[in-house]
Amino acid sequence: MKIVTWNVNSIRTRQQQVIEWLQTNPVDVLCLQETKVIDQDFPRSPFEELGYHTYISGQKSYNGVAIFSLSPMQDVSSGFAPILGEDKVGDFDIQKRLITGVVNDVCILNLYVPNGASVGSEKYDYKLHWLKLLQEYIKIVIDKSPNLCICGDFNIVPEDRDIHDPEGCKNSVGLSDAERQALQEILKLGLVDAFRQFTREGGHYSWWDYRAAGFRRNRGWRIDHHYLSLPLSQKATSCIIDKSPRQLPKPSDHTPVIVEF
DNA sequence: ATGGCAAGCTAAGCTTGA
């Protein structure tokens, strides 16, 4: 089974690239982030014609997540509230950043973690609060779902080897101690970075800035991840980053990451 | 040190992204 995470930076702009990628990579599940479209305008039919069931949670202009699955999914829901309750979640489900469902006995959680703007900003505080809610959410679902795959755009560089210039970027959002600590608190619940099961060295990234020829100079960040529960991590056979879509004209700034088990 | 590119919204320039 192959599960892919890909921040497409607008599904309507990237529709043809995603179709062509799926035609050459007929994966079981594709998790998308930054779809940037309300549900009624989401281009579902081209993907349904490829055989995928589509599950979407979008909003106008910003954010938005979707899961495409060859087999129908069960227990699909979006946002924190179905697990944590409205009172605890408050306004944190207004931004569409979480969708989940179960297929082949695997629970898939597709995330678009807030960017955080800059360290110390209001959006940064929002990101840390969002990560706290995520931790509480996962604490509940991991007990019910032995086979859990949490994937998406985390907007966090886990370690210095996951970025081209850790010193030069050390004050950037995505690298702060609080963000990395929040991620580690989540992983302590019993999750493994699938990519690092197979690849130890640095120099592997999933996002490159559009500006300053980031991709050509390989000035990248590894911020798109699959985190697997222990039973699932033991079944994993590979986790690779496919850089080829990033080389196309008018690409997303992120590229797909594929885990197989 | 700063901004650089791209997308959406909406009709020129702002907001967001990481």
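Treat the numbers as computed from the prediction; the structure is a model and nothing was measured. Numbered from 1 within each chain, the chains take letters A, B, ... in sequence-line order. Because only heavy atoms are used, hydrogens play no part in the values below, and waters and symmetry mates are left out as well, while side chains stay in.
- Close to dC9(B), at under 4.0 Å from its OP1 or OP2, lies a side-chain N or O of Arg12(A).
- Ionic pairing of Glu159(A) and Arg222(A) is not present here: no N-O contact between side-chain nitrogen and carboxylate oxygen is shorter than 4.0 angstrom.
- Per the geometry, OH belonging to Tyr210(A) stands 13 Å off C1' belonging to dG8(B), to the nearest Å.
- Mapping Val113(A) and Pro251(A) onto DNA chain B by nearest heavy atom places Pro251(A) at the nucleotide closer to the 5' end.
- For dG8(B), one of the phosphate oxygens OP1 or OP2 lies less than 4.0 angstrom from a side-chain nitrogen or oxygen of Thr13(A).
- Comparing the same atom, C1', in dT2(B) and in dA11(B) gives a spacing of 29 Å after rounding to whole Å.
- Between the CG atom in Leu111(A) and the CZ atom in Phe154(A) there is a gap of 5.0 Å [rounded to 0.5 Å].
- Residue Arg211(A) places none of its side-chain N or O atoms closer than 4.0 Å to OP1 or OP2 of dT2(B).
- Nucleic acid contact class of Tyr112(A) (heavy atoms, under 4.0 Å, all strands): sugar-phosphate only.
- Lys123(A) has a side-chain polar atom (N or O) that falls below the 4.0 Å cut-off from OP1 or OP2 of dT16(B).
- Side chain to side chain, Gln59(A) and Asn63(A) meet the donor-acceptor criterion of an N or O pair below 3.5 Å.
- For Trp6(A) and Trp21(A), the ring centers sit closer than 6.0 Å to each other.
- For the pair Lys36(A) and dC9(B), the criterion of a side-chain N or O lying under 4.0 Å from OP1 or OP2 is not met.
- Asn7(A) comes within 4.0 angstrom of the backbone, heavy atoms only, and of no base.
- If you measure from atom CG of Leu248(A) to atom P of dC5(B), you get 20 Å, rounded to the nearest angstrom.
- The distance from atom CZ of Arg217(A) to atom P of dG3(B) is 17 Å, rounded to the nearest whole Å.
- The CG-P distance, from Asp209(A) to dG3(B), rounds to 14 Å in whole Å.
- With rounding to whole Å, Tyr62(A) atom OH is found 13 Å from dA6(B) atom C1'.
- Ring centroid separation for the pair Phe92(A) and Tyr126(A) comes in under the 6.0 Å cut-off.
- Using a 4.0 Å heavy-atom cutoff across all strands shown, Asp153(A) reaches sugar-phosphate atoms only and no base atom.
- Of the two residues near DNA chain B, Ser118(A) and Asn9(A), the one whose nearest nucleotide lies more 5' is Asn9(A).
- Following rounding to the nearest Å, Glu122(A) (CD) and dT15(B) (P) show an atom-to-atom distance of 14 Å.
- Nucleotides dG17(B) and dG4(B), compared at atom C1', are 14 Å apart to the nearest Å.
- Residue Ser10(A) has a polar side-chain atom (N or O) positioned under 4.0 Å from OP1 or OP2 of dG8(B).
- Atom CD1 of Ile223(A) and atom C1' of dG17(B) are 10 Å apart (whole Å).
- Look at CG on Asp165(A): it is 13 Å from P on dA1(B), rounded to the nearest Å.
- A salt bridge does not link Arg161(A) to Glu201(A): none of the charged nitrogens lies less than 4.0 Å from a carboxylate oxygen.
- Nucleotides dT15(B) and dG3(B), compared at atom P, are 15 Å apart to the nearest Å.
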